[in-house]
Amino acid sequence: MIQLITPPLATEPAAEQLPKRHYLNAGYTARSWLLTVDHKRIAILYLISITFFFVIGGLAATVLRLDLMTPEADLVLTETYNKLFTAHGVVMVFFFLIPAIPTVLGNFLVPLMVGARDLAFPRVNLLSWYLFMLGGSLTLYALLAGGVDTGWTFYAPYSSTYSNTYVMATAVGVFISGFSSILTGLNFIVTVHKMRAPGLTWFRLPLFIWSSYAASIIIILGTPVVAMAIILVGLERGLGLGIFDPRLGGDPILFQHLFWFYSHPAVYIMILPAMGVISEIIPCACRKRPFGYAFIGFASFAIAAFSFLVWGHHMFVSGQSIYAGMVFSILSYLVAIPSAVKVFNWTASLHKGWISFDTPMLYAYGFVALFTSGGLTGLFLAAMAVDVHVHDTYFVVSHFHYIMVGGTVMAYLGGIHFWWPKMTGRLYPEGWARFSAILIFVGFNLTFFPQYILGYLGMPRRYHVYPEEFQVLNVMSSAGASILAVGYFFPLTYLIWSLRYGKIAPANYWRATGLEWKTTSPPPTENFLETPVVVDEAYDYQKLDGRSDEIDSDKESGHDRHTLR
Amino acid sequence: MTGTRSAEATSPLAHQFDDLPQQHAADELGMWLFLCTEMMFFGAVFLAYTVYRTHDEAAFAAASTRLDLFWGTLNTAVLLTSSLTMVLAVQAAQTSQRNTLVVMLLATIVLGSVFVGIKGLEYHHKYSEGLMPLLGLPFHWDEPGRSSAEMFFDLYFVMTGMHALHMVIGLAILLILLVQTLRGRLLGDFSIPVHLTGLYWHFVDVVWVFLFPLLYLVGGRH
Amino acid sequence: MSHNTASLRPYIIVFAALMLLLVVTVEVSRLDLGRGNFLVAVLIASIKATLIGLYFMHLRDSTALSRLVALSGVLFLAILFTLAFSDYWTRNWLSPLKLGSEENSPSARTAIEAPVLDRAISAHDGDTTYPR
């Protein structure tokens with residue numbers, strides 16, 4: 001007989017008062033925040049910075065979508081339009097998508113999840129934030145002083161020789177932020193290896209740790225290569241060196257090789273931590289161990305490794321050898337496999353599980369649907385014969401927005417909501433939050449689904465002039481963007497509101513497994529009053545809920561794994 | 001070892017670690033990860049070098065003969081020697097031999113400075129021979145393969161310049177270590193900064209070990 | 001991780017080996033091995049780098065993890081080189097031009113194509129119906 005799980009309580013009731021001593025009231029001076037080495041405070045600093053850059057990037061997008069409502073170039077000059085989409089790309093990629101989940105959720109959670117007092121190198125962590133702010137300020141200055149019109153991809157020789165815009169300042173800003181990223185990744189890897197609590201073996205770690213670790217590997221191996229590419233462009237502009245200059249026999253495609261060697265794995269830096277968040281929300285909401293825990297963990301590493309083998313799929317029509325293109329095309333199909341494994345496993349985790357419609361789970365459902373769509377269209381693009389037609393069209397734009405916005409941003413919001421009680425000790429208003437999640441999902445699809453069609457019909461990207469027959473789809477997309485913007489505005493508002501007026505959160509609001517939930521909400525500065533000792537397997541929801549049913553035994557899969565009591 | 005706090009000797013143990021072995025292991029892993037990023041960083045420009053060399057090996061060989069083989073070879077020997085003095089410095093720090101540590105750090109700094117000095121000399125030679133195609137300066141090349149030769153010198157200045165920058169940073173760190181040593185620090189359990197600096201210094205040496213033959217010894221120097 | 005003074009010997013031996021290899025690499029470069037010069041130079045440099053890594057940087061006595069980190073850098077550089085060269089080595093398979101000559105540079109290619117273009121245009125001189 002099929003038994004449905006009905007946990008006695010979906011969530012813990014609100015608490016009477018906040019804990020007396022926690023990391024937020026440990027000091028109120030500016031100095032205590034700006035010179036903090038507490039990973040949780042640094043996470044909050046990043047939260048504020050990241051949100052700021054998201055708004056900047058979003059403003060650029062707003063102007064873009066307004067201009068695109070008409071087929072003529074009637075809102076801004078073409079030069080300005082070029083600067084706007086460059087600003088949107090640079091800010092969103094380097095100052096939001098790559099840092100967001102690692103620096104906000106990762107910084108906050110990684111030490112807590114492994115049972116440590118802090119990351120391995122707390123001062124390096126603070127340096128990381130200052131470097132991020134320095135790079136961001138420099139880039140912002142460049143964007144405001146006159147902007148850059150090369151596109152976020154900085155292709156040579158336009159960026160190295162011909163562009164008359166603030167390429168140098170932007171490049172230096174991005175370079176510095178790359179350093180920030182490297183230091184964060186380094187910190188995570190060392191922490192996970194050397195600072196796990198007693199009893200916390202690799203296969204008892206939360207999947208968020210597996211994913212963050214895999215993303216950190218990509219950061220370490222990939223970022224330095226684009227750093228060199230940026231330096232070479234800067235030196236070409238500043239010193240007149242001609243590494244990519246065709247007049248010296250230089251090859252602009254070499255720039256693209258060095259650029260995409262990082263920038264393709266970079267998209268996995270954006271998505272792996274997002275997948276990690278989803279891997280935490282789904283087991284908690286479904287009240288059962290995720291299906292194929294080990295496979296999800298290994299898939300994270302496989303994605304990290306394979307991601308370095310496929311960069312040439314961005315260069316199919318650049319002049320790269322067609323034979324190299326074939327190699328990159330086949331390898332690109334390979335990299336889709338571990339991602340697919342994860343999607344199958346998340347879906348299978350719902351089987352015989354509790355189906356929840358709490359806000360984090362709404363974001364998780366949205367993530368799985370939209371990431372799958374974006375991922376599948378990636379396979380379309382990996383086929384050279386198709387890519388020849390849709391390269392540099394809105395099809396590509398839609399593909400990566402499905403993954404980055406439909407994937408990463410939704411997972412980021414889902415994670416913010418899921419861990420908000422832990423981070424702030426407050427509960428957000430569930431009704432408004434669910435409404436916002438649905439609004440965002442609707443707005444997102446209205447914005448980006450028409451763009452698949454536009455691209456398929458041939459509308460190029462980075463153009464603000466287009467044939468009249470594309471206007472209807474463009475207007476739909478812009479309308480969707482306005483709904484999306486409103487959708488983002490709501491969480492910004494009610495989350496800040498909740499800091500003062502929200503109900504007080506208990507220590508473990510979601511009744512979740514994981515060491516971070518075994519300390520107070522918010523946690524004390526040192527995280528745990530006593531170093532935890534781990535004896536349970538990961539995601540032991542059967543034990544936590546006190547169930548005697550066989551839901552977790554994975555009998556259908558042929559494994560006979562019973563959780564420990 | 002939890003470490004006691006007295007006026008003179010504060011514990012080397014940082015608050016986030018449980019014991020010194022854990023801290024040392026973490027520090028070392030952190031430095032290796034950083035060196036891995038440096039490997040990828042220099043590797044990128046080595047790719048550029050390799051691509052362009054395969055395009056025109058003859059011109060690269062001709063351009064390479066215009067570099068000062070004597071000074072380049074001497075510099076390599078100097079840098080390898082500085083690696084030796086560095087590893088001896090690390091050993092002295094770990095065994096709390098303060099005087100040896102001071103001498104070895106000083107020797108490493110001197111040798112490293114000699115390297116940078118010779119590099120500056122070489123750059124000056126190239127400038128006066130008109131083989132410095134930067135900032136619009138004239139490039140004097142009458143043989144065939146002019147654009148490839150210019151590319152060679154562009155790569156020469158980028159690669160050795162990046163390397164020299166890393167050397168200068170290393171020298172600055174070594175100076176700080178020297179000052180610390182003279183104040184009685186960095187010995188025994190407190191010696192990890194010397195160990196980590198040693199790893200960095202050796203890595204910079206390894207980069208030169210690849211740079212030297214690829215820049216100075218292209219093709220036969222008949 | 002502490003050593004006593006008796007173990008200075010490995011460092012001296014490695015140093016001597018490094019200096020010897022320096023002499024070898026300079027002398028071997030005097031031979032004309034064509035493409036082989038590059039490979040030999042990289043090979044000798046790799047041996048020197050390995051010696052420095054194992055003995056001066058103490059990888060021999062370090063954890064397997066440190067060795068893995070060092071090797072990962074090498075491995076992923078190999079990936080970068082291999083896949084980038086899968087482009088460079090095969091770029092001209094569809095073209096009659098050969099690798100490794102002045103003819104191959106992009107500027108030279110324009111020089112080759114321009115006369116063809118000129119001839120195509122001039123072939124239609126006087127033809128008022130042909131679009132320019």
Side-chain angles (χ1 to χ4, degrees), chain B residues 24-25 28-29 31-33 35-40 43-44 46-47 50-51 53-59 61 69 73 76-77 80-81 83-84 86-88 90-91 94-95 97 144-145 147-148 188 195 198-199 201-203 205-207 209-214 216-222, chain C residues 1-5 7-8 11-12 14-15 18-19 21-23 25-26 28-35 37-38 40-42 44-46 48-50 52-53 55-59 62-63 65-70 72-74 76-77 80-81 84-85 88-89 99-102 104-105 107:
Chain B
H24 285 174
E28 190 179 312
L29 178 60
M31 181 47 93
W32 272 107
L33 285 166
L35 293 180
C36 190
T37 69
E38 292 276 55
M39 258 192 261
M40 300 305 295
F46 274 104
L47 176 68
T50 312
V51 166
R53 176 167 168 168
T54 53
H55 277 181
D56 197 342
E57 180 108 15
L69 179 61
T73 311
T76 312
L80 288 173
T81 312
S83 257
L84 176 66
M86 186 73 228
V87 77
L88 294 176
V90 173
Q91 186 178 332
Q94 284 166 345
T95 53
Q97 297 174 63
S147 52
S148 295
H195 174 63
L199 287 176
W201 191 259
H202 295 307
F203 175 76
D205 189 15
V206 166
V207 172
V209 158
F210 280 93
L211 279 181
F212 172 65
L214 293 179
Y216 289 81
L217 305 176
V218 179
R221 284 171 167 262
H222 316 300
Chain C
M1 236 178 17
S2 60
H3 307 271
N4 54 44
T5 43
S7 65
L8 275 182
Y11 298 141
I12 309 291
V14 168
F15 175 70
L18 290 170
M19 295 301 253
L21 285 168
L22 172 60
V23 172
T25 200
V26 172
V28 167
S29 78
R30 297 193 195 282
L31 308 168
D32 186 3
L33 303 169
R35 286 284 164 87
N37 275 111
F38 178 73
V40 170
V42 170
I44 297 178
S46 303
K48 288 165 88 174
T50 310
I52 294 175
Y55 292 97
F56 282 1
M57 298 171 89
H58 301 115
L59 268 180
S62 282
T63 58
L65 186 56
S66 298
R67 286 193 286 272
L68 180 64
V69 170
S72 302
V74 176
F76 281 83
L77 276 181
L80 171 65
F81 273 71
F85 271 95
Y88 285 104
W89 276 337
L99 261 179
S101 60
E102 275 281 324
N104 192 40
S105 66
S107 49

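In what follows, chains are A, B, ... by sequence order, proteins preceding strands, each numbered from 1. The figures that follow rest on heavy atoms only: side chains count, while hydrogens, waters and symmetry mates do not.
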Under 4.5 Å from any heavy atom of chain B, what part of [X] do you find: side chain, backbone, both or neither?
X	answer
C/Phe15	side chain
C/Phe38	both
C/Val42	both
C/Leu77	both
C/Ile44	neither
C/Val28	neither
C/Ile52	side chain

| field | Contact winner vs chain C - B/Leu214, B/Val51, B/Leu35, heavy-atom pairs under 4.5 Å | value |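 It is B/Val51.
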
| task | Under 4.5 Å, counting heavy-atom pairs only, tell me which of B/Asp205, B/Thr81, B/Leu33 racks up the most with chain C. | result | B/Thr81

| Measuring from B/Leu84:CG to C/Met19:CE, what's the distance to the nearest 0.5 Å? |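 B/Leu84 atom CG to C/Met19 atom CE measures 9.5 Å (nearest 0.5 Å).
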
| field | From C/Ser29 atom OG to B/Leu69 atom CG, the distance as rounded to the nearest 0.5 Å | value | 7.0 Å

| Residue among C/Ala45, C/Ala84, C/Ser72 with most heavy-atom pairs under 4.5 Å to chain B | C/Ala45

| request: Between chain B and each of C/Leu80, C/Thr63, C/Leu18, C/Leu22, count heavy-atom pairs under 4.5 Å; write down the option with the most. | output: C/Leu22

Could you pull out the closest heavy-atom pair between [X] and [Y], with the gap in Å?
X	Y	value
B/Met39	C/Val74	SD-N, 4.0 Å
B/Met40	C/Gly73	SD-O, 3.7 Å
C/Phe81	B/Phe46	CZ-C, 3.7 Å
C/Met57	B/Phe203	CE-N, 4.0 Å
B/Pro213	C/Thr25	CB-OG1, 4.2 Å
B/Val206	C/Ala49	CG1-CB, 3.7 Å

| said: Does any backbone or side-chain atom of B/Leu47 lie under 4.5 Å from a heavy atom of chain C? Answer side chain, backbone, both or neither. | reply: both

| request: Measure distances from B/Thr50 to the heavy atoms of chain C and classify the residue's part below 4.5 Å as side chain, backbone, both or neither. | output: both

| task | Return the set of residues passing ring pair (Phe, Tyr, Trp, His ring centres under 6.0 Å) with B/Phe212 (not counting sequence neighbours), or none when no residue passes. | result |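 Counting only residues at least two positions away or on another chain, B/Phe212 forms a ring pair (Phe, Tyr, Trp, His ring centres under 6.0 Å) with B/Tyr216.
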
| query | Which of parallel (below 30°), tilted (30 to 60°) and perpendicular (above 60°) describes B/His202 and C/Phe56? | reply | tilted

| task | Would you sort out whether B/Val87 and C/His58 count as a side-chain contact (heavy atoms from CB on, under 4.5 Å), showing the intermediate values? | result | CA-CA 9 Å; B/Val87 77; C/His58 301 115; 4.0 Å; yes

| said: Working note: B/Trp32 + C/Leu59, criterion side-chain contact (heavy atoms from CB on, under 4.5 Å); need CA distance, chi angles, decisive distance, verdict. | reply: CA-CA 10 Å; B/Trp32 272 107; C/Leu59 268 180; 3.6 Å; yes

| Is there a side-chain contact between B/Leu88 and C/Leu8 (heavy atoms, below 4.5 Å)? | yes

